[in-house]
Amino acid sequence: MAEFVIMGSGQDYCEVMCGDIIGMDNVTFINNMNGFGSTVEKQHYSRVKKVIKNAFPFLVRIKRAIINSILWSFLFKKNKYSHHNFAPNRKDVRFIFFDNSPYARDELFLKHVRNKYQAKLILYIVNPVSSILWNPRLCGSSYDLIFTVFSHDANVYGWKPYNHLYARISAEEPAYEDEYDTDVFFVGRSKNRLHNILRMYEFLVNHDINCDFHIFDVDEKEMFYKDDIHYNQWLSYKEVVRRVRRSKCVLEIVHKSGEGPTLRMIEAIVYNKKIITNDACASANAFYDKRFIHIFENPENIETDFIKDSTKPDYHYQEEFSAKHFLKCIDKHIDDIIIDSNKLPRRKQRGI
């Protein structure tokens, strides 16, 4: 298999998404928003940048890419995710960028790694286009392959559909999933859907459903039910998973249908949890089972017996979301691209 470099989102859940491949001999995983993990590394980076600019100001004027090349070399040093330095001497390196990695939109960096490592560049989009900053020209000119977890965006933009990546986190307690702390767990940003989230909360508590709601990016004046809802209190992803496992059911609320599945749906499948979702497209999910996945349009449509019923879901999940499958898929597509390019007619060389 080829050499892979994963440019993560900088979030802790990205480690979980790539958990099955982190540490593999042919995988370098970088998951810092600026590429540098510790404060010492950041300070060293700043010092080097200052020295270069002060000692060689003409380099800045002549070609900024030279400085960038020196600075970017620090990205590929040995880190906590790998036991080796990235120094490929092959021509089949694949760089995979998560869409919310800052490097995914850095045109100079993309050109640098393509030229230096003769790399193939892959963009992996885990957010709907409507919610991210993206540059159609950059996507079209810089990337060899673009994957998205949203079938609607794949159809509109001609990208390749692919599922979410996920590696199951082992339970820390023996009877972790046999007891429940709450009936319904929700966690997420308000994202112009706060009204819908609060309507859902009101409906559930009015039907004696125990709720554990965590909402972020909410203005003080919009914080209703402050004694019962957790506002702007960030949870680590490890804590999110703990709460998912300790709940009977998780709640997924998308801004509009077709923007799923979200990470909540993936968690429900992997950890065998019921899920309530307003994404009508959830019925097309390969794991859809109406006994475990309840689709609603308005809170009033929810069947509370679905939540209260003690039936334990079993989606028969068999590591379908493993990132190992994704690497194999990329290899196949890149091989096809190489084969197709070799079929193109070549210009005859002139004799000397």
Side-chain angles (χ1 to χ4, degrees), residues 8-17 31-34 97-102 104-105 124-134 148-150 152-153 164-166 169 182 184-205 211-247 249-271 273 275-282 295-299 302:
S9 64
Q11 304 297 326
D12 52 358
Y13 65 78
C14 191
E15 297 179 26
V16 178
M17 297 175 76
N31 195 41
N32 302 113
M33 288 301 291
N34 60 1
F97 295 82
F98 278 70
D99 65 85
N100 40 9
S101 164
R105 299 179 295 277
Y124 178 56
I125 301 177
V126 297
N127 296 286
V129 166
S130 59
S131 68
I132 62 174
L133 295 173
W134 72 291
T148 176
V149 301
F150 302 100
H152 174 267
D153 288 346
H164 279 273
L165 307 180
Y166 203 88
I169 299 176
T182 191
V184 177
F185 171 65
F186 173 82
V187 60
R189 300 178 186 274
S190 57
K191 289 184 179 178
N192 299 318
R193 54 181 177 163
L194 181 60
H195 175 70
N196 293 334
I197 297 172
L198 293 176
R199 277 186 64 200
M200 186 68 181
Y201 176 80
E202 291 170 347
F203 174 83
L204 293 174
V205 296
C211 295
D212 181 19
F213 274 45
H214 299 256
I215 314 173
F216 313 121
D217 298 340
V218 182
D219 292 335
E220 182 78 26
K221 62 183 179 181
E222 296 179 313
M223 294 181 182
F224 297 96
Y225 311 108
K226 290 177 64 174
D227 292 338
D228 302 305
I229 294 177
H230 304 276
Y231 286 104
N232 299 341
Q233 298 176 30
W234 193 255
L235 299 178
S236 68
Y237 188 67
K238 184 177 181 180
E239 178 62 18
V240 169
V241 171
R242 190 190 73 82
R243 290 174 183 265
V244 165
R245 295 174 118 156
R246 298 288 288 185
S247 65
C249 180
V250 295
L251 172 63
E252 174 186 67
I253 298 181
V254 297
H255 184 59
K256 60 183 179 181
S257 185
E259 290 191 347
T262 68
L263 199 53
R264 297 294 88 78
M265 178 65 75
I266 306 306
E267 292 158 355
I269 293 169
V270 171
Y271 300 113
K273 292 294 174 180
I275 183 168
I276 308 169
T277 177
N278 66 338
D279 182 14
C281 296
I295 302 173
F296 72 95
E297 184 175 357
N298 300 302
I302 293 175

### Message
Contact between Phe213 and Asp228 at the side-chain level, heavy atoms closer than 4.5 Å - yes or no?
### Response
no
### Task
State whether the side chain of Asp212 and the backbone N or O of Val184 hold a donor-acceptor pair below 3.5 Å, judged by distance alone.
no
### Query
How many angstroms lie between atom CD1 of Ile215 and atom CD1 of Ile197, to the nearest 0.5 angstrom?
5.0 Å
### Query
Stepwise, does the side-chain contact (heavy atoms from CB on, under 4.5 Å) test hold for Tyr201 with Ile229?
CA-CA 9 Å; Tyr201 176 80; Ile229 294 177; 3.9 Å; yes
### Any donor-acceptor pair under 3.5 Å from His214 side chain to Phe186 backbone
no
### Task
Could you check if a side-chain atom of Ser9 sits within less than 4.5 angstrom of a side-chain atom of Ser101, using non-hydrogen atoms only?
no
### Query
Is a side-chain donor or acceptor of Tyr237 paired with a backbone partner of Gln11 at a separation under 3.5 angstrom?
no
### Task
Would you mind reporting whether Glu252 and Leu263 have side-chain heavy atoms less than 4.5 Å apart?
no
### Query
Can you tell me how far the CE atom of Met223 sits from the OG atom of Ser190, to the nearest 0.5 Å?
9.5 Å
### Message
What I'd like to find out is whether the side chain of Ile169 reaches to under 4.5 Å of the side chain of Lys238, using heavy atoms alone.
### Response
no
### Summary
Output for pair (Cys211 SG, Phe203 CZ), nearest 0.5 Å, gives 10.5 Å
### Query
Would the Tyr124 and Phe97 ring centres measure less than 6.0 Å apart?
no
### For Tyr231 against Glu222, the heavy-atom pair lying closest together
OH-O, 4.1 Å
### Task
Under the side-chain contact (heavy atoms from CB on, under 4.5 Å) rule, what do Met200 and Ile302 come out as? Steps first, then yes or no, please.
CA-CA 10 Å; Met200 186 68 181; Ile302 293 175; 2.6 Å; yes
### Side-chain donor/acceptor of Asp279 to backbone N/O of Ile253, under 3.5 Å
no
### Summary
For Val254 and Thr262, the nearest pair of non-hydrogen atoms, with its separation, is CG1-CG2, 3.8 Å
### Message
Between Tyr225 and Glu202, is there a side-chain donor-acceptor contact under 3.5 Å, judged purely by atom types and distance?
### Response
yes
### Task
Would you name the heavy atoms of Lys273 and Ser247 that are closest together and state the gap between them?
NZ-O, 2.9 Å
### Query
Ignoring hydrogens and geometry, is there a side-chain-to-backbone donor-acceptor pair from Arg264 to Ile275 under 3.5 Å?
no
### Min side-chain heavy-atom separation Ile276-Cys249 under 4.5 Å
yes
### Message
Within this structure, what is the CD-NE2 distance for the pair Glu267 and His164, rounded to the nearest 0.5 Å?
### Response
10.0 Å
### Query
Less than 4.0 Å between a side-chain N and a carboxylate O, is that true for Lys191 and Asp217?
no
### Query
Hey, are the side chains of Asn278 and Ile295 touching, using non-hydrogen atoms and a 4.5 Å cut-off?
no
### Query
For the side chain of Ser236 and the backbone of Glu239, is there at least one donor-acceptor N/O pair under 3.5 Å apart?
yes
### Query
Knowing that exactly one of Val240, Val187, Val244 qualifies, which makes a side chain to side chain contact (heavy atoms under 4.5 Å, CB included) with Val250?
Val244
#### Entry: Closest approach of Val126 to Asp99 (non-hydrogen atoms, all atoms of both residues)
N-OD2, 2.5 Å
### Query
For the atom pair CZ (Arg189) and CG (Leu194), what is the distance rounded to the nearest 0.5 Å?
14.0 Å
### Task
Give the minimum heavy-atom separation between Ala282 and Met265, together with the two atoms involved.
CB-CE, 4.0 Å
#### Entry: Straight-line distance of Tyr166 OH to Met17 CE, nearest 0.5 Å
9.5 Å
### Task
Give the minimum heavy-atom separation between Pro128 and Phe150, together with the two atoms involved.
N-CE1, 3.1 Å
### Message
So, using side-chain hydrogen bond (donor to acceptor under 3.5 Å, both in side chains) as the criterion, who are the partners of Thr148 when residues are at least two apart?
### Response
none
### Ion pair check, Lys226 and Glu220, cut-off under 4.0 Å
yes
